[in-house]
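Here is the structure we will look at.
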Number of protein chains: 2
Amino acid sequence: MMTQETARATLENLYRIFTIPEAPESTLGEIDQAISKDVAGFLQTHIVALERSLEEIEADFSLSSIPEQPTFVSEYTEFVKEKLVSQSVHTAAPGFIGHMTSALPYFMLPLSRIMTALNQNLVKVETSKAFTPLERQTLAMLHHLVYQGEESFYPQWIHNSQHALGAFCSGGTIANATALWVARNTLCAPSGSFGGIAKEGLVRSLRHLDCDGLAVLVSSRGHYSLGKAVDLLGLGRDNLIKVETDSDNRIDMAQLKDSCRRLQDENIRPLALVGIAGTTETGTVDPLDEMADLALELGCPFHVDAAWGGPTLFSERYRPLLDGISRADSVTMDAHKQLYVPMGAGMVLFKDPTALSAIEHHANYILRHGSKDLGSHTLEGSRPGMAMLVHAGLSIIGRKGYELLIDLGIERANSFAQLIRQHPDFELTNTPQLNILTYRFCPKAVQATLAQATNEQAAEINLLIDQVNQLLQKDQREAGKTFVSRTRLKVSGYAQELNVLRAVLANPLTTDEILSTVLEEQCTIILQQDIQSLLEQVNTLCGQIIVSPKVACA
Amino acid sequence: MMTQETARATLENLYRIFTIPEAPESTLGEIDQAISKDVAGFLQTHIVALERSLEEIEADFSLSSIPEQPTFVSEYTEFVKEKLVSQSVHTAAPGFIGHMTSALPYFMLPLSRIMTALNQNLVKVETSKAFTPLERQTLAMLHHLVYQGEESFYPQWIHNSQHALGAFCSGGTIANATALWVARNTLCAPSGSFGGIAKEGLVRSLRHLDCDGLAVLVSSRGHYSLGKAVDLLGLGRDNLIKVETDSDNRIDMAQLKDSCRRLQDENIRPLALVGIAGTTETGTVDPLDEMADLALELGCPFHVDAAWGGPTLFSERYRPLLDGISRADSVTMDAHKQLYVPMGAGMVLFKDPTALSAIEHHANYILRHGSKDLGSHTLEGSRPGMAMLVHAGLSIIGRKGYELLIDLGIERANSFAQLIRQHPDFELTNTPQLNILTYRFCPKAVQATLAQATNEQAAEINLLIDQVNQLLQKDQREAGKTFVSRTRLKVSGYAQELNVLRAVLANPLTTDEILSTVLEEQCTIILQQDIQSLLEQVNTLCGQIIVSPKVACA
């Protein structure tokens, strides 16, 4: 217990933190101004390039007790600067091409501040007012981008108190889960004496449908969120059918049809075919039109996960790659990816403006029937006004601006692919269709040997090359100058899965020179002792000196 | 198609928006500075008090096409200022006591900007580095608050690469869904030849468990997110058993036990008992200790939804109200409520540090086995670094600071309750246990009549009083000076549900004077013609002049 005097002093301090702004000359005030003036400079100056080990960093975040006494804001800010910011990841750096984060347009920062200062809650109109129509308009704009509906279609739906054209959410995972939730509840809708799955649950639904299960079909490149969704929805991961891809990482239509037939034999209903517009690992687009045909034939919903590739629709040149997307019943799109909005903005759009009724819910104090509260059609409850930033991007950058960004990224990916093809020590492991590609360190001579090797020999060599690429990626990340990610993929021409390096070309500040630097840095890392000794083993295995490790990247 | 020249110009503009900061003297720069200097002043100046109708506002957000051409940032900012900010809700206003949003500590704004500028993605270490240990520490701190684990417990778990003490998420809805998902998957874990629900789905799980359903039990005050969760998880809303409350809005233990017995007769397994620490509508805490006893007896998990009331644990004085919470298997807590963090920060904590294994998932390019990536244990995928703001609150405000905030809110609720009790025209409809209460306009004379009326008479009178309160709440909201919310509740002493006004006392800037103003404003609104004519009908019904409408609030 504190004395009355301490209590009064603490209370005064409390009021101060709610009423007195940070002074401009305070530590936090200074950082704030530095970010306002030049965020790129701030990140460049404050994020330390050279990586400390995670274990070392953890030592700064090891206390499990909540501090008993308040701390000065300035003291905490020093901590944030020294221990957190310095050891965070420079996701906006043009040489950070391993993941789906990019530099952000400058206007996003001050607009984010307005959003945070207003602290609206989009679950209901009473705590968001104009933000509700704004979010509804944002959903309509992206609905229009995907479905190309007639202008006359929207006025009756955009602000309809009974419906919503989509659900705004924290990201693609919730978007995909929402889409499959809607598909499941629509298939198992109330009918006759059956009250519907929302009311009666899955077991009775299957009995009502007279089937033994519901399956979701997607290519083996499908995002891992789909696995979570079928688990969550009670379908079981066994019923997420991962169909093999063709040599271009697109779903193999013949195998998809086979899988559908097999399911039919097992009395399992296809709940949804899921097409991918921009796979996470290779940026590939499935043959959406053919999938839509099949879905139609099967009478089952067609969902497109366009979390990454959706904004390709802005590009007149590349838009045809997504032909068929407008036939999808639902489409996932992430604004924090190629709409260049800060983290935490996903969406799922529905062709049928009444589709979300399948998961509609109400409560006594909000989301009342007939209200325009967006929360009655979302998986999440309280949500921030992120739609504002999407709306800002669409308005300020415009369709043509996004088109340029998309075209730029795809062209950059093509030139990076060309660079890799021409380099004697790298192997392109997928031809980019959009702006994501994979490759690996594998000298041309080794490639030649692999092409003629038996499966066993190839497996042995690839095991070593896998280790090389794993070390290479790790060392490059730790050096902190440039960054690519890695994944494990089935690559055309090889019997087994391979470790490959993955590059995402979505940062408009990434130049061809930077891409050359990425490869050059990798060539330097290859010269390190641990990797060289692996490469010597490759030489031995190949039975002849086909690789001259020390000069591998001459 | 654009000409080459236009394309070049647009491209240059594009680079500008990624590389040239907003000038301080630009419209957006000025707003940014105004917010930095004095956010309260900014909100006060820019949010228009008087409400335009939603339909009018919608006219500003009616286009469904994405603008073809880019717009100047300054032009868009004018739009934001005039059409969006002005028509948003002043959630931080001390007279806005209807929902769970409050003023924020000043340091949250510049820290939010750091978070947005860094744009980390917490799904994996590669895009968040130090933010991952920071989030893990934040979870440990709140775990410690709830479970009071030994200091020696944490070092082995806090940064454990196989496990996580909880899941950070966008809000309480996802937190509750995650808790029930974990409970479901733990009950239906792999065993012998049964592969577990995550793999085989719900139907086979029930067959394996040899039961006909899984049920979640909660009081009728349970949050609507639980309904979504049982729907999502395939259990069906029929299996969300809403148990009646006692006269204090706490779950009726006798009825809960009855419900459990009835489920047993129907061969339905209780999946979880859900206790509430701070119901959304009345702020009441269930008898958590007794519920924990029952859960133990039934051998079923005990989840506590402490989205609102969790931070009461900071208060030495009121902490005992939550006795038993440390026996819960999982606890939901929202940081954007009583931890005073901006919208979008929820958490679910698990007593057993290995519990989240039940929903663990992996992918080839991230979340690899043995990595410390937080994404392998969360429902969501990509997520922003909101944990930083929770960490900041805990560090800067400290346990004692939060204690004062909690105590302040509860005391304010008590004094508001006192004010309502003493007022001749209002009726307190629940005694606040924490800092939420409900009341209604209902003159003492009407209350007296109701106390002696038959059920039919009371129903007729209450129907009119319901309409009065509905209008009252709407008119007060539209006037924009002060705000309470409304809900519909079973109130002790009345046979039917009633419309009640709801006040949430969590803004430290709300004074007793402001609370008086709220009631005074309501008394003025009551004098409006439409309400007066309803009150005259009440008079007629009561058979005598018991209310003198015009002087109702003398």
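Residue numbers start from 1 in every chain, and the chains themselves are labelled A, B, ... in the order their sequence lines are given, proteins ahead of strands. Since the structure is predicted, the reported quantities are computational estimates derived from the model, not experimental observations.
Heavy-atom pairs under 4.5 Å with chain A peak, among Phe314(B), Phe42(B), Phe79(B), Phe131(B), at Phe131(B). Between chain A and the residues Val203(B), Asn121(B), Ile47(B), Asp238(B), the most heavy-atom pairs under 4.5 angstrom are made by Asp238(B). Interface summary for chain B: among Leu104(A), Leu509(A), Leu11(A), the most heavy-atom pairs under 4.5 angstrom belong to Leu104(A). For the set Ala117(B), Gly195(B), Gly201(B), Ala198(B), the entry with the most heavy-atom pairs within less than 4.5 Å of chain A is Ala198(B). For chain B, the option among Leu142(A), Ile57(A), Leu109(A) with the highest count of heavy-atom pairs below 4.5 Å is Leu109(A). Interface remark: of the candidates Thr101(B), Asp38(B), Ile20(B), Ile20(B) forms the most heavy-atom pairs closer than 4.5 Å to chain A. Considering only heavy-atom pairs separated by less than 4.5 Å from chain A, the leading option among Ile359(B), Leu206(B), Val230(B), Ile114(B) is Ile114(B). The candidate with the highest count of non-hydrogen atom pairs below 4.5 Å against chain B, out of Lys228(A), Arg237(A), Glu497(A), is Lys228(A). Interface summary for chain B: among His99(A), Arg488(A), Glu151(A), the most heavy-atom pairs under 4.5 angstrom belong to His99(A). Interface summary for chain A: among Leu14(B), Val39(B), Leu235(B), the most heavy-atom pairs under 4.5 angstrom belong to Leu14(B). Of all the listed residues (Ala40(A), Ser395(A), Gly98(A), Cys169(A)), the one sharing the greatest number of non-hydrogen pairs under 4.5 Å with chain B is Ser395(A). The choice from Leu28(A), Thr132(A), Ile158(A) that makes the most heavy-atom pairs within less than 4.5 Å of chain B is Leu28(A).
Put simply, the side chain of Ile366(A) reaches to within 4.5 Å of the side chain of Tyr224(B), judged on heavy atoms.
From Leu489(B), atom CG reaches atom OH of Tyr365(A) across 11.5 Å, with rounding to the nearest 0.5 Å. Summarising the geometry, atom CG belonging to Asn239(B) is positioned 10.0 Å from atom NZ belonging to Lys199(A); distances are rounded to the nearest 0.5 Å. Interatomic distance, Phe483(B) CZ to Thr127(A) OG1, rounded to the nearest 0.5 Å: 8.0 Å. Residue Ser112(B) holds its OG atom at 10.0 Å from CG of Asp32(A), rounded to the nearest 0.5 Å. Arg204(A) contributes atom CZ, which lies 8.5 Å from atom CG of Asp212(B) (distance to the nearest 0.5 angstrom). Between the CD atom in Glu58(A) and the CG atom in Leu134(B) there is a gap of 12.0 Å [rounded to 0.5 Å].
Under the 3.5 Å distance criterion, the side-chain polar atoms of Ser64(A) are left unmatched by any main-chain donor or acceptor of Ala140(B). Of the possible donor and acceptor atoms, none in the side chain of His159(A) sits under 3.5 Å from a partner among the backbone N and O of Leu54(B). Judged purely by atom type and a 3.5 angstrom limit, Asn119(B) uses its side chain to pair as donor or acceptor with the backbone of Met343(A). A donor-acceptor contact shorter than 3.5 Å is absent between the side chain of His144(A) and the backbone of Leu63(B). When atom types are taken as modelled, the side chain of Lys129(B) and the backbone of Val89(A) share no donor-acceptor pair closer than 3.5 angstrom.
Neither the backbone nor the side chain of His143(B) comes within contact range of chain A; no heavy atom of the residue lies under 4.5 Å from a heavy atom of that chain. Heavy-atom distances place the backbone of Lys83(A), and not its side chain, under 4.5 Å from chain B. Met386(B) does not touch chain A: none of its heavy atoms, backbone or side chain, sits under 4.5 Å away. With a 4.5 angstrom heavy-atom cutoff, Gln69(B) touches chain A via backbone and side-chain atoms both. For a residue to count as touching a neighbouring chain, one of its non-hydrogen atoms must lie under 4.5 Å from one of that chain's; by this rule Ala177(B) does not touch chain A. With a threshold of 4.5 angstrom between heavy atoms, Asn185(A) approaches chain B through side-chain atoms but not through N, CA, C or O. Interface residue Ala103(B): backbone and side-chain heavy atoms are both found under 4.5 Å from chain A. With a threshold of 4.5 angstrom between heavy atoms, Tyr15(B) approaches chain A through side-chain atoms but not through N, CA, C or O. For Ile31(B), the part lying under 4.5 angstrom from a heavy atom of chain A is the side chain only. Only the side chain of Glu281(A) comes within contact range of chain B, with heavy atoms under 4.5 Å apart. Heavy atoms closer than 4.5 Å to chain A are found in the side chain of Lys124(B), but not in its backbone. With a threshold of 4.5 angstrom between heavy atoms, Glu55(B) approaches chain A through side-chain atoms but not through N, CA, C or O.
Inspection of the Ser36(A) and Arg113(B) side chains reveals an N or O donor paired with an N or O acceptor under 3.5 Å.
Considering every non-hydrogen atom in both Met141(B) and Pro67(A), the closest pair reads CE-CD, 4.1 Å. Here the closest heavy-atom approach between residue Gln137(A) and residue Ser62(B) is recorded as NE2-N, 4.0 Å. Considering all non-hydrogen atoms of both residues, Pro21(A) and Tyr106(B) come closest at CA-CD2, 3.0 Å. Contact detail for Pro384(B) and Gly344(A): the closest heavy-atom pair is CD-CA, 4.3 Å.
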For a side-chain contact (heavy atoms from CB on, under 4.5 Å) check, start with the C-alpha distance between Leu118(A) and Leu43(B), then their side-chain angles and the critical distance, and finish with the verdict.
CA-CA 7 Å; Leu118(A) 290 172; Leu43(B) 298 175; 3.5 Å; yes

task = Under the side-chain contact (heavy atoms from CB on, under 4.5 Å) rule, what do Leu233(A) and Leu233(B) come out as? Steps first, then yes or no, please.
result = CA-CA 5 Å; Leu233(A) 293 168; Leu233(B) 293 167; over 6 Å; no

Can you check side-chain contact (heavy atoms from CB on, under 4.5 Å) on Phe107(A) and Ile17(B), steps first, answer last?
CA-CA 7 Å; Phe107(A) 61 80; Ile17(B) 62 171; 4.0 Å; yes

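Between Arg184(B) and Asp231(A), at least one side-chain nitrogen of the basic residue sits less than 4.0 Å from a carboxylate oxygen of the acidic one, meeting the salt-bridge criterion. The existence of a salt bridge linking Glu126(A) and Arg486(B) is excluded, since no basic side-chain nitrogen approaches an acidic carboxylate oxygen closer than 4.0 Å.
The local environment of CZ in Phe72(A) is sparse, with at most 12 non-hydrogen atoms from other residues, nucleotides or ligands closer than 6.0 Å.
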